[in-house]
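To keep things clear, I will list the structure first and then write my remarks on it.
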Amino acid sequence: MDYKALAERLLPGEYPSLASYEEKYPPRDLPKGAQVTRLAPSPTGFIHLGNLFAAIVNERIAHQSGGILYLRIEDTDLKRKVEGAVEAVKNALRYFDIKFDEGAEIDGDNTYAPWYQRQRAEIYRAFVKHLIEIGRAYPCFCTEEELTKLREEQTAKKEITGYYGKYARCRNLSEEEIYKNLDAGKPFVIRLKSMGNPENKIKFRDAIKGEITVTENDQDVVILKSDGIPTYHFAHAIDDHFMRTTLVIRGEEWLASLPIHIELFDVLGFERPRYGHNCSLMKQDGDTRRKLSKRKDPELSLEFYRKEGYYARAVKVYMLTLLNSNFEEWYLKNPEKPLEEFKFTAEKMSKSGTLFDIDKLNDISKNELSKLSAEEMFDFLKSWADEFGTEAQKGYFEDRDKMLKVLTLCMGIGGKKRRKDFTTASQAMDFIRYFFEKPASYEEYRVDGETKRTILEGFLAKYDPADDSQAWFAKIKEIAAENGFAAEMKDYKASPEAYRGSVADVAEVLRIATTGKANTPDLWTIQQILGEEETKARIGAAM
RNA sequence: GGCCCCAUGGUCAAGCGGUUAAGACACCACCCUUUCACGGUGGUAUCAUGGGUUCGAAUCCCGUUGGGGUCACCA
């Protein structure tokens, strides 16, 4: 068969020589050991925790080695394209401090551009044409229905599904048949003519998993779709070669197609990059666990975490503890150091799927937030409220002084120990609500109505906003004693039956009356912040 | 089903042939405390299984079981 003529018929026209592409996209001039990694999302606009998980690995490995992280957009599938998706990806990742050196919509070196695969059609076609010319690729005229039927037959016969060996019908089409189909205007795809044999095993060193075995590919996979755009597999080979990627870190779901990629790199005469297949982030689903999915788990989208007001650094710290088993220990010893100082290694990455644990994230969040100054917390909460808060919540920030006092108290700043009540911005805003709005509801009092009233009246009678904390508490003790409650905790513990309760119960009544809640920071300070008028009004209203 | 990956408490995990099998989260108890939060002390709980190899196995090998991934003109 005249492959050259066939190639010309299939992909007519002059294409630049293959060598010219090697010149145009030369090997990068980087220090020894520097890694070039990439993030290559499809522009669906949806990014979830799993994407961030991978992004952090790529970012750390590139920048730690003095290399490059770039952003490539895999938009070969038009159906999945969403407007504004690239911006969304960039914004979401910027929030987590992932910075690109080059790539789509990135202000950087454009030697290896274009970064959108749709704009790279010419390169792909040039190489597809070459493969046809050397007889390693061929046109396939099978329709979707025919392929579906083939798959069903194979399944019924319990054979391996796919387009391979004797099932690769178009592979053996005669020259005549091919041209007849072409003349009839039948649509076609270009398939790789695989030379692999699944009996052969290839030993492979994965940067994360270590020594692995894969089976040689024998599938005649589609490399050019009928719209003239390549499939992921082919684009991956071309792009990662010409963008001079040295390390491809990707999810382990790609392990299954690694044989295809190996064959493609080989047939194209490209040196293969190193691969690292990282485990997926799993989610408990009933009594089984499964990979995070964008369809089923919208609550795991990065947007969800921004809406909840998770602190970016906390999420990053959590990802890092999952990603590198020795990170947590390092961080415990170096809580103040920048995260970049941690030496990230592919070897310390987990080989098995990790279950996402919101409790652990929440714990880390509390810790991270408790390290902030009142001003930093103010800024964090305000920027969250500006975007996601209610009108009332936005109003909390009008009196800056008051808010700083509230935060100082609620974070325990100035005390012996920092408080850790805040998990997320939205939860924190709920937590401090009572400083700015009257209680919408009251937790249940544990004393009867008569006692409650007596206590509140007693408090109002003695209340003096000028009292310091000690004088204030002394009065609470008096009220306790007057009503048959133990003024001293020790006395109550020594003989609980001698009292109706303790000063703690009296304080609780006042606490609920003032804030609506049984659990709050120091009540005296709260009343100081609220001021005399508001304090009296609230106590009065609770009677 | 074929192929591939994985396997230490409920979760994340340390461990690289000899350990009382770390640590963190969660949980429980107690202490501290006007509540809560913080902090402190203690506790419950793990090497999936069967065979080897070895003086000795969580660690090495094989089988089994279990879990996961993947089998598109999607990435």
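Hydrogens, waters and symmetry mates play no part in the numbers below; they use all other heavy atoms, side chains included. The chains referred to below are lettered A, B, ... by the order of the sequence lines, with proteins before strands, and numbering in each begins at 1.
Between the CD1 atom of A/Ile229 and the P atom of B/rA75 there is a distance of 10 Å, rounded to whole Å. Separating the CD1 atom of A/Ile364 from the P atom of B/rU11 is a distance of 17 Å, rounded to the nearest angstrom. Regarding A/Asn278, its CG atom lies at a distance of 15 Å from the P atom of B/rG69, rounded to whole Å. In this entry the distance linking CG of A/Asp75 with C1' of B/rC74 reads 13 Å, nearest Å. Protein atom CH2 of A/Trp254 is 17 Å distant from nucleotide atom C1' of B/rG68, rounded to whole Å. Between the C1' atom of B/rA75 and the CG atom of A/Leu258 lies a distance of 16 Å, rounded to the nearest Å. If you measure from atom NZ of A/Lys366 to atom C1' of B/rA26, you get 12 Å, rounded to the nearest angstrom. Distance A/Glu152 CD to B/rC71 P: 17 Å, rounded to the nearest Å.
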Letter per nucleotide, 5' to 3', of nucleotides 62-67 of chain B [B base touched, S only sugar-phosphate touched, - untouched; heavy atoms, 4.0 Å]:
-----S

What does nucleotides 29-36 of chain B look like as a protein-contact string, B for base, S for sugar-phosphate only, - for none, at under 4.0 angstrom between heavy atoms?
----BBBB

Could you walk me through whether A/Trp524 and A/Phe473 pass the ring pair (Phe, Tyr, Trp, His ring centres under 6.0 Å) test, one step at a time?
CA-CA 8 Å; A/Trp524 176 78; A/Phe473 191 49; over 10 Å; no

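Candidate nucleotides B/rC73, B/rG39, B/rA26 were compared by shortest atom distance to the side chain of A/Lys417, and B/rG39 ranks first. Among the nucleotides B/rC12, B/rC74, B/rG39, the one closest to the side chain of A/Thr231 is B/rC74.
Phosphate contact (OP1/OP2 of B/rG39, side-chain N/O of A/Arg418, threshold under 4.0 Å): absent. The phosphate of B/rA14 has OP1 or OP2 within less than 4.0 Å of a side-chain N or O from A/Ser325. For B/rA13, one of the phosphate oxygens OP1 or OP2 lies less than 4.0 angstrom from a side-chain nitrogen or oxygen of A/Ser350. Between A/Lys348 and B/rA13 there is no side-chain polar atom (N or O) within less than 4.0 angstrom of OP1 or OP2. Phosphate contact (OP1/OP2 of B/rA72, side-chain N/O of A/Arg151, threshold under 4.0 Å): present.
When each of A/Ile260, A/Leu192, A/Val189 is checked for a side-chain contact (heavy atoms from CB on, under 4.5 Å) with A/Ile223, only A/Leu192 meets the rule. Looking at A/Val128, A/Val221, A/Thr76, A/Leu224 one by one, the single match for side-chain contact (heavy atoms from CB on, under 4.5 Å) with A/Phe234 turns out to be A/Val128.
To the nearest whole angstrom, the two P atoms, one in B/rG43 and one in B/rC3, are 49 Å apart. The separation of B/rA48 from B/rG1, taken at their P atoms, amounts to 23 Å, rounded to a whole angstrom.
Taking the six-membered ring where the residue is Trp, the centroids of A/Phe342 and A/Phe327 are separated by under 6.0 Å. A distance below 6.0 Å separates the ring centres of A/Trp254 and A/Tyr232.
Pairing for B/rG17 is absent, judged as Watson-Crick or G-U wobble with the two contacts each under 3.5 Å. B/rA75 makes up no base pair with any nucleotide shown, lacking Watson-Crick or G-U wobble contacts both under 3.5 Å. Pair assignment for B/rU41 gives B/rA29, based on Watson-Crick or G-U wobble hydrogen-bonding distances that are each under 3.5 Å. When Watson-Crick and G-U wobble pairs are counted only if both distances are under 3.5 Å, B/rU65 pairs with B/rA7.
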List, with names and distances, any nitrogen or oxygen atoms from the protein found under 3.5 Å away from nitrogen or oxygen atoms belonging to nucleotides 1-7 of chain B.
residue: B/rC3; atom: O3'; partner: A/Thr215; partner atom: OG1; Å: 3.2
residue: B/rC3; atom: O2'; partner: A/Thr215; partner atom: OG1; Å: 3.2
residue: B/rC4; atom: OP1; partner: A/Lys201; partner atom: NZ; Å: 3.3
residue: B/rC4; atom: O3'; partner: A/Thr213; partner atom: O; Å: 3.0
residue: B/rC5; atom: OP1; partner: A/Thr213; partner atom: N; Å: 3.3
residue: B/rC5; atom: O2'; partner: A/Lys209; partner atom: NZ; Å: 2.8

Taking only nitrogen or oxygen atoms into account, show me every contact under 3.5 Å that the protein makes with nucleotides 19-24 of chain B, one pair per line with its distance.
residue: B/rG23; atom: N2; partner: A/Glu328; partner atom: OE1; Å: 3.4
residue: B/rA24; atom: O2'; partner: A/Glu328; partner atom: OE2; Å: 2.9
residue: B/rA24; atom: O2'; partner: A/Lys360; partner atom: NZ; Å: 2.5
residue: B/rA24; atom: N3; partner: A/Lys360; partner atom: NZ; Å: 3.4

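Judged by the 6.0 Å distance and 45° axis criteria, A/Arg191 is positioned over the aromatic ring of A/Tyr163. In this structure, A/Lys129 is not positioned above the aromatic face of A/Tyr124 in the sense of NZ or CZ being under 6.0 Å from the six-membered ring centre and within 45° of the axis.
Within 4.0 Å of A/Lys416, counting heavy atoms only, lies no atom of the nucleic acid at all. Nucleic acid contact for A/Thr76: sugar-phosphate only, since backbone atoms but no base atoms lie under 4.0 Å from a heavy atom of the residue. If you check every strand for non-hydrogen atoms under 4.0 Å, A/Val189 touches a base. Heavy atoms of A/Leu355 sit under 4.0 angstrom from primed sugar atoms or phosphate atoms, though from no base atom. In this structure, A/Arg191 reaches the sugar-phosphate backbone alone: every heavy-atom distance under 4.0 Å involves primed, P, OP1 or OP2 atoms, never a base.
Taking the six-membered ring where tryptophan is involved, the planes of A/Tyr305 and A/Phe356 are perpendicular, since the angle between them exceeds 60° and thus also 30°. Between A/Tyr70 and A/Trp115, the two ring planes are tilted [angle within 30° to 60°]. Using the six-membered ring where Trp is involved, A/His261 and A/His236 have ring planes that are perpendicular, over 60° apart on the 30 and 60° scheme.
Nearest-nucleotide assignment on RNA chain B puts the 5′-proximal partner with A/Leu361, out of A/Leu361 and A/Ser280.
Sorted by first and then second residue, the pairs that involve residues 483-496 of chain A and meet side-chain hydrogen bond (donor to acceptor under 3.5 Å, both in side chains), not counting sequence neighbours, are A/Lys477-A/Glu488.
Counting heavy-atom neighbours within 6.0 Å of A/Lys405 NZ, excluding the residue itself, gives a total of 12 or less. The 12-atom threshold is exceeded at CD of A/Glu211, counting heavy atoms of other residues, nucleotides or ligands nearer than 6.0 Å.
Atom CZ in A/Phe141 sits 4.5 Å away from atom CG in A/Asn181 (nearest 0.5 Å).
In this structure the side chain of A/Lys351 never reaches within 4.5 angstrom of the side chain of A/Asn278, judged on heavy atoms.
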Pairs of donor and acceptor atoms involving the side chains of residues 44-54 of chain A, under 3.5 Å and at least two apart or interchain, shall be tabulated with distances.
residue: A/Thr44; atom: OG1; partner: A/Phe46; partner atom: N; Å: 3.3
residue: A/His48; atom: ND1; partner: A/Gly50; partner atom: N; Å: 2.8
residue: A/Asn51; atom: OD1; partner: A/His48; partner atom: N; Å: 2.8

